[in-house]
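Here's the structure we're looking at; comments come further down.
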Amino acid sequence: MLALGLVLNTLGIGLFCWAIFALAVYALPFFVALSVGMLAFHDGAGVVGALLIGLASGALALAVGQVAVAVSRVRTLRVAIATAFAVPAAIAGYHVVFALSQIGVPSLAWREAFACGGAVCIGGTAWTRLTVFAETRPSESVGVAENAPQPVLTAATQE
């Protein structure tokens with residue numbers, strides 16, 4: 001029975017860590033959805049209306065962020081948008097790792113160190129997941145290849 005408990009605890013912690021990394025990019029849209037939903041609820045939209053408005057605003061925030069990163073050609077704008085998505089994920093990752101480290105780490109300094117490492121890892125994961133859409137598009141590489149100077153072959157280089 002003890003072995004089964006250890007295996008199930010390990011699987012549960014692994015599933016929880018997978019969920020944290022998989023959902024890292026959704027921290028900012030979740031924050032937007034929660035804020036807009038709460039605002040709508042306090043303005044009298046009701047539970048169902050606030051839920052629908054919150055879901056729509058969160059989905060819109062995620063879609064706008066991903067499209068803006070994918071379409072933008074300005075590197076600083078891409079970095080700013082990716083930072084806007086990565087910082088809330090890093091803050092959430094800090095708090096999750098800090099709370100989980102209270103289970104087995106008695107030292108506050110080590111818990112802080114683990115939490116900072118978790119914040120960097122989870123924020124980096126959110127950054128990476130968002131910038132996947134900003135990879136070099138085929139039309140850009142074709143345009144670069146067309147404008148690139150062609151090497152001149154001379155009789156000396158061919159020999």
Side-chain angles (χ1 to χ4, degrees), residues 1 4-141 143:
M1 211 54 183
L4 179 64
L6 288 173
V7 169
L8 288 178
N9 279 336
T10 303
L11 286 175
I13 290 173
L15 181 65
F16 188 70
C17 289
W18 171 81
I20 290 170
F21 282 103
L23 299 175
V25 75
Y26 303 113
L28 179 66
F30 177 75
F31 174 73
V32 168
L34 189 64
S35 297
V36 170
M38 292 293 286
L39 183 67
F41 181 74
H42 288 295
D43 284 343
V47 174
V48 176
L51 183 66
L52 291 176
I53 290 171
L55 286 174
S57 63
L60 183 66
L62 178 64
V64 166
Q66 287 179 339
V67 168
V69 168
V71 172
S72 175
R73 294 179 184 236
V74 179
R75 181 177 296 262
T76 53
L77 183 60
R78 286 183 190 173
V79 169
I81 294 169
T83 302
F85 275 80
V87 168
I91 292 171
Y94 173 85
H95 288 290
V96 166
V97 173
F98 188 77
L100 283 178
S101 65
Q102 288 180 350
I103 295 172
V105 181
S107 171
L108 179 62
W110 280 108
R111 283 187 295 200
E112 289 284 341
F114 288 140
C116 289
V120 169
C121 290
I122 293 173
T125 300
W127 179 287
T128 303
R129 285 179 168 243
L130 192 65
T131 56
V132 163
F133 295 105
E135 295 297 323
T136 304
R137 291 176 288 268
S139 61
E140 288 179 353
S141 63

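Bear in mind that the values here come from a model prediction, so they are computed numbers and not experimental data.
The distance from atom CD1 of Ile13 to atom CG of Leu8, rounded to the nearest 0.5 Å, is 11.5 Å. In this structure, OG1 on Thr10 lies 12.5 Å from CG on Leu15, to the nearest 0.5 angstrom.
Partners of Leu51 by side chain to side chain contact (heavy atoms under 4.5 Å, CB included), not counting sequence neighbours, listed by chain and number: Leu55.
Side chain of Ser101 to backbone of Phe98: a donor-acceptor contact under 3.5 angstrom is found.
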Acceptor/donor pairs from residues 104-124 side chains to any protein atom, 3.5 angstrom cut, sequence neighbours excluded:
unit_1, atom_1, unit_2, atom_2, d
Ser107, OG, Ala109, N, 3.4
Glu112, OE1, Tyr94, OH, 2.5
Glu112, OE2, Tyr94, OH, 3.2

Between side-chain atoms of residues 21-37 and protein atoms elsewhere (two or more places apart, or another chain), which donor-acceptor pairs fall under 3.5 Å?
unit_1, atom_1, unit_2, atom_2, d
Ser35, OG, Phe31, O, 2.9

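The two residues Ile81 and Ala68 come nearest to each other via the heavy atoms CD1-CB, 3.5 Å.
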Please test Ile53 against Phe41 for side-chain contact (heavy atoms from CB on, under 4.5 Å), starting from the C-alpha separation and ending with a verdict.
CA-CA 9 Å; Ile53 290 171; Phe41 181 74; over 6 Å; no
Report the C-alpha separation of Phe85 and Val69 in whole Å, then their side-chain angles, then the decisive distance to 0.1 Å, and conclude whether the side-chain contact (heavy atoms from CB on, under 4.5 Å) test is met.
CA-CA 11 Å; Phe85 275 80; Val69 168; over 6 Å; no
